[in-house]
A.B. asks: 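Could you have a look at this structure, given as structure tokens, before my questions?
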Amino acid sequence: MDYNQFLQAEKNQQYFMAMRPVFNKKALFADMSSDYVIPPEPKPFSRVKIRFRTGRNNVDFVFLAHNAHQHMMHFAERDGEFDYFEIEVPLEDKKFEYYFVIKVGKLTCYYDLRGAVKEVQEYYYFKLIPGNAVPDWAKGAVMYQIYVDRFYNGDPTNDVLDHEYNYIGEHVTRVTDWGKYPAMMGVREFYGGDLQGVLDKMDYLQELGVDVIYFNPLFVSPSNHKYDIQDYDYIDPHIGRIVEDEGELLPEGEHENRKASRYINRIANKKNLEASNQLFAELVQEAHNRGIRVILDGVFNHCGSFNKWMDRERVYENFEGYPKGAYVAEDSPYRGYFEFFRQDQWPYNGTYDGWWGHDTLPKLNYEGSQQLYDYVLEIGKKWVSPPYNVDGWRLDVAADLGHSPEMNHRFWKDFHTAVKEANPDAIVLAEHYGSPKEWIENGEWDTVMNYDAFMEPVTWFLTGMQKHSDDYREDLLGNADSFWGAMIHHGAAFTQPALMIAMNELSNHDHSRFLTRTNKKVGRVNTLGSEAAGWDINKAVMREAVLIQMTWPGAPTIYYGDEAGVCGFTDPDNRRTYPWGNEDQELIAFHKEMIRIHKENEELLTGSLKKEYTDYNVISYARFNRKQSSLIVVNNNNHEITAQISVWDMGAALEGTMQRLMLTDCDGFTTEPAEYEIHAGKVEITLKATAGIVLKFQPDPMELLIREK
């Protein structure tokens, strides 16, 4: 190039710079969805195409930054108001982290998981984990959590009987009033819900739109919650089938369970156990026939003092076919399954390690027994294999397993591998408070129950309440900045596949019911009483929460009865029975409609998420892909608002219309169609108090065809 040509090129560049629109940060976008990472779940040692979106003719250069190097991305295509840049990169078998650098003249802008920023932080880098993939069926799947004893009694012949056995100092009781509030020490009272009851209500679950049933523990256990398992190999006959029912109840005043012959026969007789396993296999098959998956609760950190490996209650001691438990005999084959602090106490050695000091919950000693280690791996495989074919595990207090972080990570890595080898389409998700980053990135858990990046931010924003109803914070009620800060910060601990299947709950068996949190009453049953859980509740706020739940990335998970208006303070009050015959039909109808909207719109299942508008008590976000987009607006104020919200940056037209899919407010809800005009890329929305709306933009089919070409 000679000097004159150089001068001409410089003049041309200055001309184009002068003609180009002002730098538009709002047009910048990338995430790790299938529109921006191709393929989105790459294998080790493969190549992946990474894309970045800018405004049309609005930037000079885009670079992908990785390992302190910047790699120029090339222009790939123009689509409406946007330009797309891309680069293909080779992957190894380790984490690939990156962010973007955008240059416009002398301006440099960075882009990470927070969006456009002045400075990047490593915590918010985009991250790809080659080989980190999850089943497609779980992405956006609607899950339904069932606490079996409180769902429906389909077989009264298997009910726990009054005085059948002794549990934590008192005899168990059979509750005959289905609507009775759970007692404060309600762990030993049984309402009779069972697997036959779930089968009987399968039509209801299918009509609701459920994709997955997540069961609280089902294995043999003396409590109604069943987190103190006594036999991992069998479904509890009290919720399964009892085909041989012999023996005596415990006399009044008798506390030794070795004399509870009726109970012992029910839970140790192999005919009852095999019949219960068969019923469960039939239930899973029926669910699968209806397109519904099943997830089991795995409690592998600890077992129960009733467990056949420990047998502190001596219920297996004299029953044929069971070796002596570690509590009973020094030479028990299970002695290494537990850590005993004194070696001179047999027979009946009670000096074992209990989880959090509870002797009813013996901690399993994986460091001390390879046999235990291998056995639990086999349990993990057994239930996801024929004839049961379960679709995954939820892992109780998963971060507590083992006596060291090293053992914890090693075991879960092996467990994950074992489950996937037995059933590649199964998922492994964990209960965990705090960052799941290291477990997810190391391929130990697929995802978690999403407390930090869903339940808590939604609860604080809409109600100002802590998830146990133990605290109220005026500063967090309606605080949109806090909501987004929490969602983005805690969401950054996930990989994209993990986030797409995260269990997004409003309530569960460990926390107060969300509907109760809407009354903003701080307390529990022991301070306020059970009835107070239903006072001054706000169903409009509940509908706002469900609207967010069904439009947020992840797997929306309904705690049984939430959809029917069940209230309750924290455990055990949150474990009330499903109110058959007294359901809130309007709330059920709303759930059905929101589930339908969730499932019918692809962008709500796997699309991108983008913050659009915030104000006090107001949040708005878009869910979109290259073909279609939805706008969600929530007004949590107790007064009407009007807002103009940009929609062009989610792929909507500059001029056109959006269709209303759902409107909920203080007066109720409607799915009646309505059109909202788009002018200059914005839509004006007026919402009444405590309202939420879902609007859909669908490009003209001809326009889509042009885009695809």
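We count residues from 1, following the sequence as given. In what follows, every heavy atom counts, from backbone to side chain, and hydrogens, waters and symmetry copies are set aside.
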A.B. asks: Begin with the C-alpha distance, continue with both residues' side-chain angles, and end with the deciding distance and a verdict on side-chain contact (heavy atoms from CB on, under 4.5 Å) for Arg524 and Asp573.
C.D. replies: CA-CA 8 Å; Arg524 301 193 179 196; Asp573 196 42; over 6 Å; no
A.B. asks: For the CD atom on Glu320, are there more than 12 heavy atoms of other groups (residues, nucleotides or ligands in this structure) within a distance under 6.0 Å?
C.D. replies: no
A.B. asks: Please state whether the rings of His171 and His163 are parallel, tilted or perpendicular, taking 30° and 60° as the class boundaries.
C.D. replies: perpendicular
A.B. asks: For Tyr352 and Tyr327, take the angle between the two ring planes, folded into 0 to 90°, and tell me which bin it lands in: parallel under 30, tilted 30 to 60, perpendicular over 60.
C.D. replies: perpendicular
A.B. asks: If we ignore hydrogens and angles and just use 3.5 Å, is the side chain of Asp149 paired with the main-chain N or O of Tyr191 as donor and acceptor?
C.D. replies: yes
A.B. asks: Is it the case that Glu282 and Gln278 place a side-chain donor and acceptor less than 3.5 Å from each other?
C.D. replies: yes
A.B. asks: Parallel, tilted or perpendicular: which one describes the rings of Trp383 and Tyr388, with boundaries at 30° and 60°?
C.D. replies: tilted
A.B. asks: I'd like to know if the side chain of Asn349 and the backbone of Arg342 have a donor-acceptor N/O pair within less than 3.5 Å.
C.D. replies: yes
A.B. asks: So, for Phe300 and Phe415, is the gap between ring centers shorter than 6.0 Å?
C.D. replies: yes
A.B. asks: Before accepting this row, confirm whether a basic side-chain N of the pair Glu441/Lys437 lies closer than 4.0 Å to the acidic partner's carboxylate O.
C.D. replies: yes
A.B. asks: Anything under 30° is parallel, anything over 60° is perpendicular, the rest tilted; go ahead and classify Trp439 against Trp445.
C.D. replies: parallel
A.B. asks: State whether Lys308 and Asp231 are salt-bridged, where the test is any N-O pair (Lys NZ or Arg NE/NH1/NH2 against Asp/Glu carboxylate O) under 4.0 Å.
C.D. replies: yes
A.B. asks: Between Trp309 and Tyr337, what is the ring plane arrangement, given parallel below 30°, perpendicular above 60°, and tilted in between?
C.D. replies: perpendicular
A.B. asks: Test the Arg513-Tyr560 pair against the cation-pi criterion, namely NZ or CZ under 6.0 angstrom from the six-membered ring centroid and within 45° of the ring axis.
C.D. replies: yes
A.B. asks: Is Tyr214 reaching over with its side chain to a backbone N or O of Met503, donor-acceptor style, under 3.5 angstrom?
C.D. replies: no
A.B. asks: Shortest non-hydrogen contact from Tyr334 to Gly325?
C.D. replies: CD1-CA, 4.4 Å
A.B. asks: Nearest heavy-atom pair of Ile501 and Ile427: which atoms, and what distance?
C.D. replies: CD1-CG2, 4.5 Å
A.B. asks: Tell me whether the count of non-hydrogen atoms from other residues, nucleotides or ligands lying under 6.0 Å of NZ in Lys94 goes above 12.
C.D. replies: no
A.B. asks: Is Lys420 salt-bridged to Asp446, cutoff N-O under 4.0 Å?
C.D. replies: yes
A.B. asks: Is it true that the side chains of His225 and Ser223 contain a donor and an acceptor less than 3.5 Å apart?
C.D. replies: yes
A.B. asks: For residues Leu195 and Phe280, determine if any side-chain heavy atom of one lies less than 4.5 Å from a side-chain heavy atom of the other.
C.D. replies: yes
A.B. asks: Does the side chain of Phe454 come within less than 4.5 Å of Ile548's, by heavy atoms?
C.D. replies: yes
A.B. asks: Which residue in the set Leu205, Val210, Ile558, Leu218 passes side chain to side chain contact (heavy atoms under 4.5 Å, CB included) when paired with Ile146?
C.D. replies: Leu205
A.B. asks: Please check: side-chain N/O of Asp194 versus main-chain N/O of Gly240, any donor-acceptor pairing under 3.5 Å?
C.D. replies: no
A.B. asks: Would you say the side-chain atoms of Ser221 and Asp228 include a donor-acceptor pair closer than 3.5 Å?
C.D. replies: yes
A.B. asks: Parallel, tilted or perpendicular: which fits the ring planes of Tyr366 and Tyr373, with parallel below 30° and perpendicular above 60°?
C.D. replies: perpendicular
A.B. asks: For the pair Asn224 (side chain) and Val187 (backbone), establish whether a donor and an acceptor sit closer than 3.5 Å, ignoring hydrogens and angles.
C.D. replies: yes
A.B. asks: I'd like to know if Asp311 pairs up with Lys324 as an ion pair, taking the criterion as any Lys NZ or Arg NE/NH1/NH2 lying under 4.0 Å from an Asp or Glu carboxylate oxygen.
C.D. replies: no
A.B. asks: Apply side-chain contact (heavy atoms from CB on, under 4.5 Å) to the pair Tyr165 and Val160, showing each step before the final yes or no.
C.D. replies: CA-CA 9 Å; Tyr165 57 97; Val160 171; 4.2 Å; yes
A.B. asks: Looking at Arg575 and Asp510, is there a salt bridge between them, counting it only when a charged N and a carboxylate O are closer than 4.0 Å?
C.D. replies: yes
A.B. asks: For Met32 and Leu128, what are the C-alpha separation, side-chain angles and deciding distance, and is it a side-chain contact (heavy atoms from CB on, under 4.5 Å)?
C.D. replies: CA-CA 8 Å; Met32 305 195 72; Leu128 273 173; 3.5 Å; yes
A.B. asks: Salt-bridged, Arg174 to Asp162, with N to O below 4.0 Å?
C.D. replies: no
A.B. asks: Parallel under 30°, tilted from 30 to 60°, perpendicular over 60°: which one fits the rings of Tyr144 and Phe151?
C.D. replies: perpendicular
A.B. asks: Is Arg258 salt-bridged to Glu317, going by a charged N under 4.0 Å from an acidic O?
C.D. replies: no
A.B. asks: Side chains of Glu313 and Gln230, heavy atoms from C-beta outward: is any pair under 4.5 Å?
C.D. replies: no
A.B. asks: Between Ala430 and Ala398, which heavy-atom pair has the shortest distance, and what is it?
C.D. replies: CB-CB, 3.8 Å
A.B. asks: Using the rule given for side-chain contact (heavy atoms from CB on, under 4.5 Å), can you reason through Val376 versus Phe411, listing the C-alpha separation, both sets of side-chain angles and the distance that settles it, and then say yes or no?
C.D. replies: CA-CA 10 Å; Val376 175; Phe411 179 82; 3.6 Å; yes
A.B. asks: Please give me the minimum heavy-atom distance between Pro222 and Phe190, naming the atom from each residue.
C.D. replies: O-CZ, 3.2 Å
A.B. asks: Check Asn450 against Ala502 and note the closest heavy-atom contact, atom names and distance.
C.D. replies: ND2-CB, 3.8 Å
A.B. asks: Is it true that the side chains of His238 and Glu164 contain a donor and an acceptor less than 3.5 Å apart?
C.D. replies: yes
A.B. asks: Is the charged tip of Lys382 near the ring of Tyr234: under 6.0 Å from the six-membered ring centre and within 45° of its axis?
C.D. replies: yes
A.B. asks: Side chains of Trp552 and Asn504 only: does a donor on one sit below 3.5 Å from an acceptor on the other?
C.D. replies: no
A.B. asks: Run through Ile213, Asn508, Asp562 and flag the one making a side chain to side chain contact (heavy atoms under 4.5 Å, CB included) with Gln145.
C.D. replies: Asn508
A.B. asks: Would you please indicate yes or no on a ring centroid separation below 6.0 angstrom for His302 and Tyr227?
C.D. replies: no
A.B. asks: How close do Asp425 and Trp137 get, counting heavy atoms only, and between which atoms?
C.D. replies: O-NE1, 2.7 Å
A.B. asks: Using side chain to side chain contact (heavy atoms under 4.5 Å, CB included) as the criterion, point out the one residue from Ile235, Asp236, Val299 that pairs with Phe219.
C.D. replies: Ile235
A.B. asks: In plain terms, say whether Arg312 and Asp359 are close enough for a salt bridge, that is, a side-chain N and a carboxylate O under 4.0 Å apart.
C.D. replies: yes
